[in-house]
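Everything on this sheet refers to the single structure shown next.
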Amino acid sequence: MSEDPELRRLRWRCRRGMRELDQLMLRYLDGRWAAADESERALFLRLMDTEDDKLWRWFMGRERPEDTGLATIVERILALPH
């Protein structure tokens, strides 16, 4: 069974070059994307457009996104089981 082309593109975009970020993004894609509604998916796509250094600070808890939507998606990703 072949993976949906959109999902393959997203999986490629999840490769951030920093293993910890890769794992977090892929955890969301594998564990939550299919059940997410359109607004949550849009937040994840916005998150994917964020620079890696910001993502790292947000996921490590050193900073919090000013945008409440991005803060919500970061929290959801961190809450996903490993």
With rounding to the nearest 0.5 angstrom, report the CG to NZ distance, Leu70 to Lys54. 9.5 Å
Using 30° and 60° as the class limits, which term best fits the ring planes of Trp33 and Tyr28: parallel, tilted or perpendicular? perpendicular
Answer yes or no: is there an ion pair linking Arg13 with Asp49, defined by an N-O contact shorter than 4.0 Å? yes
Would you say Leu45 and Leu10 make side-chain contact, with heavy atoms under 4.5 Å? yes
Would you call Asp53 and Arg57 a side-chain contact if the rule is heavy atoms closer than 4.5 Å? yes
N/O donor to acceptor pairs below 3.5 angstrom from side-chain atoms of residues 14-22, sequence neighbours left out:
residue: Arg16; atom: NE; partner: Asp52; partner atom: OD1; Å: 2.7
residue: Arg16; atom: NH1; partner: Met48; partner atom: O; Å: 2.8
residue: Arg16; atom: NH2; partner: Thr50; partner atom: O; Å: 2.7
residue: Arg16; atom: NH2; partner: Asp52; partner atom: OD1; Å: 2.7
residue: Asp22; atom: OD1; partner: Arg16; partner atom: N; Å: 2.5
residue: Asp22; atom: OD1; partner: Gly17; partner atom: N; Å: 3.2

Find out if a path of hydrophobic residues (ILVMFWY) with successive side-chain heavy-atom gaps under 4.5 Å connects Trp12 to Leu55. no
Take Met25 and Phe44, measure what side-chain contact (heavy atoms from CB on, under 4.5 Å) needs, and give me the verdict at the end. CA-CA 9 Å; Met25 297 298 199; Phe44 182 71; 3.8 Å; yes
Show the atom names and distances, to 0.1 Å, of all donor-acceptor pairs under 3.5 Å that link a side chain in residues 72-82 to residues at least two apart or in another chain.
residue: Thr72; atom: OG1; partner: Thr68; partner atom: O; Å: 2.9
residue: Glu75; atom: OE2; partner: Arg64; partner atom: NH1; Å: 2.5
residue: Glu75; atom: OE2; partner: Arg64; partner atom: NH2; Å: 3.3
residue: Arg76; atom: NH1; partner: Glu40; partner atom: OE1; Å: 2.8

Would you say Arg9 and Glu6 make side-chain contact, with heavy atoms under 4.5 Å? yes
